[in-house]
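A quick write-up on the structure given underneath.
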There are 2 protein chains.
Amino acid sequence: MFQKVLIAEDHETINYSIQKTLEDLGIPNHSKNYAYYCDDAIKRIEKALKEGEPYELLITDLSFEEDIPNQHITTGQDLIKAARKIQPNLKVLVFSIENRIKVAQSLFKDLNIDAYVPKARRDAKDLKTAIETIYQAKKHLSPNLKKDIGEEKFYKFTNFDIIIIKLLSNGVLQKEIPYHLQQKNIKPSGLSSVEKRLSLIKTTLNIFSNEQLIAYCKDKEII
Amino acid sequence: MFQKVLIAEDHETINYSIQKTLEDLGIPNHSKNYAYYCDDAIKRIEKALKEGEPYELLITDLSFEEDIPNQHITTGQDLIKAARKIQPNLKVLVFSIENRIKVAQSLFKDLNIDAYVPKARRDAKDLKTAIETIYQAKKHLSPNLKKDIGEEKFYKFTNFDIIIIKLLSNGVLQKEIPYHLQQKNIKPSGLSSVEKRLSLIKTTLNIFSNEQLIAYCKDKEII
DNA sequence: CCTGCAATTACGGTTTCCCGTAATTTACTG
DNA sequence: CAGTAAATTACGGGAAACCGTAATTGCAGG
């Protein structure tokens with residue numbers, strides 16, 4: 001198991017509960033392995049690296065309260081970037097209240113994080129398995145998000161898609177959509193094109209009705 | 001009756017027909033009282049104000065074709081804001097193809113417009129009475145929208161409502177809902193009951209489709 | 001100018017939805 | 001137990017959505 005883990009989390013109680021989880025996993029807690037500010041966290045990573053005892057894992061939140069001015073790094077995203085810059089092999093686990101799939105997705109894609117665990121009711125257990133999974137050099141996704149991320153990979157919504165879905169969500173009947181598209185000088189405006197597009201989206205995403213599609217798009221903040 | 005009225009409308013034919021309506025109402029048309037672009041409209045308002053003969057009423061569309069680049073103001077909403085900034089007492093009548101109640105509602109609420117007339121079959125008459133009503137310093141709403149705007153209609157969603165809406169948002173077809181309700185031993189389970197309920201909700205909230213209903217419920221966090 | 005390919009649109013049959021009306025069941029009262 | 005009112009369900013016709021196929025259009029290469 002990991003020997004050196006750094007926690008970046010500004011809420012003291014959460015910070016403490018993560019420490020507790022680490023203890024349960026048999027990760028030693030002899031030195032101060034936590035930070036309440038990103039700037040403090042990056043300093044510790046830097047120092048540990050220089051001393052030849054680098055951190056193996058960073059557990060960080062995404063949003064930090066800016067209650068002290070003149071902090072250089074104020075978000076988890078920036079902390080991850082800065083940390084990877086000085087120590088590329090550092091594993092990163094994001095532990096955040098943010099439960100929107102798009103945010104988690106971009107973290108994996110853009111920052112190549114190793115695990116994402118949303119703060120939730122049963123998150124301690126989730127956290128443990130995440131850390132164990134990372135230790136095996138694998139990626140980890142909270143189960144409830146996992147299936148969503150898989151789905152989303154398959155379909156990229158175009159502007160055209162979003163326009164017609166927005167029209168639907170505003171109560172425009174499908175057969176009236178061509179008229180609205182013409183008003184906006186949007187290129188494919190035939191009813192068949194609209195139907196084809198909606199049909200493609202739905203079969204791709206395993207969605208069975210327009211109603212479910214609207215719900216999906218609202219959840220994913222596509223509209 | 002008003003003596004100076006400005007029309008902002010990019011469709012020439014509609015612009016002309018509004019002028020016709022004004023003539024019918026005995027509003028003089030000796031100067032050029034119309035504009036095809038928002039920027040032009042605001043200039044005229046400004047000029048008239050400086051010359052000590054300000055416009056009393058602005059009749060404007062909401063959407064303008066952006067066929068000429070580098071326009072500062074491109075929507076009716078922005079035109080109204082700009083106009084009110086330099087001449088707060090200017091009356092405003094919105095005349096638009098937009099027939100969704102929410103849009104009209106937000107115009108009254110956010111921009112404090114004086115009348116809203118949707119472009120429709122019998123809109124000339126509607127326009128006349130609207131102008132006459134404004135002249136008496138009252139607000140005007142097109143009759144078909146009036147009843148809707150009233151006070152924010154609150155619909156209390158019952159558990160039954162929420163169950164069927166959730167089923168819909170999960171991709172269950174309407175005709176399959178009775179089966180699911182029976183599975184859960186929920187009392188009214190007939191298809192007709194489901195249809196009646198959905199119909200009641202939609203007419204009460206002025207919602208036109210199931211898609212819009214789902215969007216509404218997601219926004220209001222009902223589901 | 002022709003040709004082939006892809007995109008778009010038109011069309012027709014089937015399913016589902018919508019909505020009014022009628023029949024049935026349920027619940028309550030005397 | 002009968003009677004009645006309300007709730008629920010059944011039914012049917014018309015509108016909209018769905019979906020496969022065919023016709024049309026647009027466009028690049030020859």
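Note that the structure is predicted; figures quoted are calculated from it, not measured. Naming: A, B, ... by sequence-line order, numbering from 1 per chain.
Proximity of the aromatic rings of B:Phe2 and B:Tyr135 is defined here by a centroid distance below 6.0 angstrom, and this criterion is met.
Phosphate contact (OP1/OP2 of D:dC18, side-chain N/O of A:Lys202, threshold under 4.0 Å): present. Contact between the side-chain N/O atoms of B:Ser189 and the OP1/OP2 oxygens of D:dT9 is found at a separation under 4.0 Å.
In the set C:dG20, D:dT21, C:dC18, C:dC18 carries the atom at the smallest distance from any side-chain atom of B:Asn210. Checked against D:dT8, C:dC19, D:dC18, the side chain of B:Ser193 finds its nearest nucleotide in D:dT8. Across D:dA10, C:dC19, C:dT8, the shortest atom-to-atom separation from the side chain of B:Ser199 is found for C:dC19.
For the pair A:Leu200 CG and C:dA7 P, the interatomic distance rounds to 12 Å; values are reported in whole Å. Summarising the geometry, the separation between CG on B:Leu198 and C1' on C:dG20 is reported as 16 Å, rounded to the nearest angstrom. Between B:Glu195 atom CD and D:dG14 atom C1' the separation is 14 Å, expressed in whole Å. B:Leu167 has its CG atom 13 Å from the P atom of C:dC17, to the nearest Å. When the P atom of C:dG20 is taken as reference, atom CG of B:Leu191 falls 15 Å away, rounded to whole Å. Spacing between atom CD1 of A:Ile201 and atom C1' of D:dA17 amounts to 15 Å, rounded to whole angstrom units. In this structure, A:Phe160 places its CZ atom 10 Å from C1' of C:dT8, rounding to the nearest Å. Atom CD1 in B:Ile214 sits about 15 Å away from atom C1' in C:dC17, given to the nearest Å.
Here the closest non-hydrogen pair linking A:Cys38 and A:Thr74 is SG-C, 4.3 Å. Between A:Glu211 and B:Leu168 the shortest heavy-atom distance is CB-O, 3.5 Å.
Each of A:Ser192 and B:Lys196 was assigned the nucleotide of DNA chain D with the nearest heavy atom; the assignment lying further toward the 5' end belongs to B:Lys196.
With A:Thr133 contributing its side chain and A:Thr129 its backbone, the two residues share a donor-acceptor pair below 3.5 Å. Under the 3.5 Å distance criterion, the side-chain polar atoms of B:Thr203 are matched with a main-chain donor or acceptor of B:Leu200.
In the model, A:Asn210 has a side-chain atom that pairs as donor or acceptor with a side-chain atom of A:Gln174 under 3.5 Å. Between the side chains of B:Asp24 and B:Thr21, no donor-acceptor pair of N or O atoms lies under 3.5 Å.
A heavy-atom distance below 4.0 Å to DNA chain C is reached by these residues of residues 168-176 of chain B, ordered by number: B:Leu173, B:Gln174, B:Lys175.
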